[in-house]
Amino acid sequence: MNTPIVILNFKTYIESSGLNALNLAKDLESAGEETGINMVAAPQAADIYRIKQETSIPIFAQNIDAITPGGHTGHDLIETLIEAGASGSLINHSEKRMKLADIENVIELTKEKGILSCLCTNNINTSKAAATLAPDYLAVEPPELIGSGIPVSQAQPEVVEDTVKEVKAINKDIKVLCGAGISTGEDMAAAIELGAEGVLLASGIIKADSPKEALIDLVSKI
Ligand code: G3P
């Protein structure tokens, strides 16, 4: 996928669940078509299949568990997510942290199955460690800024800039994204200026009066 990229994490907001998830995915699809920017939906697992049937946007799962088919009640199995329509997944989101060995295992599973991985981290040091696992995307998100409306690219520019520098020094093929508090065109432009190749975001778009207009504004200054 060409960068810059926008990944919208639907989380579990009511505005981005069930039928609302489908409508939001359609907004993403038309905003992506109008702006020419790659926009990815990361809905809840239960919403993936319907979005896949009714849109043509790339869909990432929010989580994959480090399991193989068998007795694992309540888990997210990679095979099912792919069959439903996922072409990638968030891994180790701040709201769904994983053990290091499981992160490695899940990244291996994504490579084996041919889907994309977006590994989430919380700071520069964990980003360096995460880079050794060679995900396709690495998204750095300081947890204290998540959902705060305070954009990481403006409040903690050094986190974005140094993460890009350190990750690229370890593996130049990893595309570095940033997230937390991003919502406007200025926020995304600042992220790109700092070297990020896209953003991972949620509430600023999901809670907007018009998510489609908010998405168009988000990419209007890059
Ligand atoms: O995964 C995106 C995320 O954690 C950032 O959330 O609401 O600050 O855009 P938000």
Side-chain angles (χ1 to χ4, degrees), residues 1 3-17 20-21 24-25 27-28 31 37-45 47-48 51 57-64 76 81 86 88-98 103 106 116-123 126-127 130 135-157 159-160 163 175-192 194 196-219 222:
M1 247 184 292
T3 52
I5 185 178
V6 171
I7 304 179
L8 184 61
N9 180 0
F10 286 27
K11 302 197 176 185
T12 51
Y13 291 108
I14 206 71
E15 295 87 345
S16 50
S17 300
N20 291 337
L24 184 59
D27 284 342
L28 262 180
I37 301 290
N38 271 317
M39 297 197 182
V40 177
Q44 291 161 57
D47 289 324
I48 292 176
I51 292 172
I57 52 172
I59 305 168
F60 281 14
Q62 293 180 8
N63 174 63
I64 295 171
D76 292 315
L81 295 166
S89 185
L90 306 181
I91 298 169
N92 190 48
H93 189 274
S94 167
E95 294 149 8
K96 190 74 178 168
R97 284 291 187 232
M98 296 169 70
I103 295 172
V106 169
L116 297 167
S117 53
C118 177
L119 178 53
C120 302
T121 57
N122 58 318
N123 62 30
T126 57
S127 299
D136 297 295
Y137 300 91
L138 183 150
V140 63
E141 302 193 311
E144 68 278 14
L145 297 180
I146 292 179
S148 69
I150 303 169
V152 60
S153 52
Q154 310 222 43
Q156 296 185 20
V159 170
V160 181
T163 297
K175 296 181 177 70
V176 180
L177 316 180
C178 67
I182 303 275
S183 59
T184 67
E186 285 78 16
D187 303 342
M188 179 151 180
I192 301 294
L194 293 164
E197 288 161 275
V199 293
L200 172 61
L201 79 173
S203 54
I205 302 296
I206 293 168
K207 298 276 187 184
D209 291 339
S210 165
K212 183 179 164 187
E213 278 170 30
L215 285 164
I216 291 173
D217 173 64
L218 178 73
V219 299
I222 53 174

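Remember, it's 1-based here, ligands and their atoms both numbered in the order they're listed. Everything numeric in this text was worked out from a predicted model, so none of it was measured. Atoms considered below: every heavy atom in the structure, side chains included; atoms not considered: hydrogens, waters and symmetry mates.
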Q | Qualifying side chain to side chain donor-acceptor pair (under 3.5 Å) pairs, either residue in residues 196-211, two or more places apart | A | E15-K207, K168-E197
Q. When rounded to the nearest 0.5 angstrom, what distance separates CD1 in I57 from CG in L28?
A. 5.0 Å
Q.
For S153, give me all partners under side-chain hydrogen bond (donor to acceptor under 3.5 Å, both in side chains), at least two apart in sequence or on another chain.
A. none
Q | 4.5 Å side-chain heavy-atom contact, M188 and I192 | A | yes
List of N/O pairs, ligand 1 versus protein, all under 3.5 Å?
from: ligand 1; atom 1: 1 (O); to: N9; atom 2: ND2; distance (Å): 3.0
from: ligand 1; atom 1: 1 (O); to: H93; atom 2: NE2; distance (Å): 2.8
from: ligand 1; atom 1: 1 (O); to: E141; atom 2: OE2; distance (Å): 3.2
from: ligand 1; atom 1: 4 (O); to: K11; atom 2: NZ; distance (Å): 2.9
from: ligand 1; atom 1: 4 (O); to: H93; atom 2: NE2; distance (Å): 2.9
from: ligand 1; atom 1: 4 (O); to: E141; atom 2: OE1; distance (Å): 3.1
from: ligand 1; atom 1: 4 (O); to: E141; atom 2: OE2; distance (Å): 3.3
from: ligand 1; atom 1: 6 (O); to: K11; atom 2: NZ; distance (Å): 3.2
from: ligand 1; atom 1: 7 (O); to: S203; atom 2: N; distance (Å): 2.9
from: ligand 1; atom 1: 7 (O); to: S203; atom 2: OG; distance (Å): 2.5
from: ligand 1; atom 1: 8 (O); to: G147; atom 2: N; distance (Å): 2.7
from: ligand 1; atom 1: 8 (O); to: G181; atom 2: N; distance (Å): 2.8
from: ligand 1; atom 1: 9 (O); to: A202; atom 2: N; distance (Å): 2.8

Q: Please determine which of V176, I91, L119, I5 meets the side chain to side chain contact (heavy atoms under 4.5 Å, CB included) test together with Y137.
A: I5
Q. In chain order, what residues pass the salt bridge (Lys or Arg N to Asp or Glu O under 4.0 Å) check against E144, with sequence neighbours excluded?
A. none
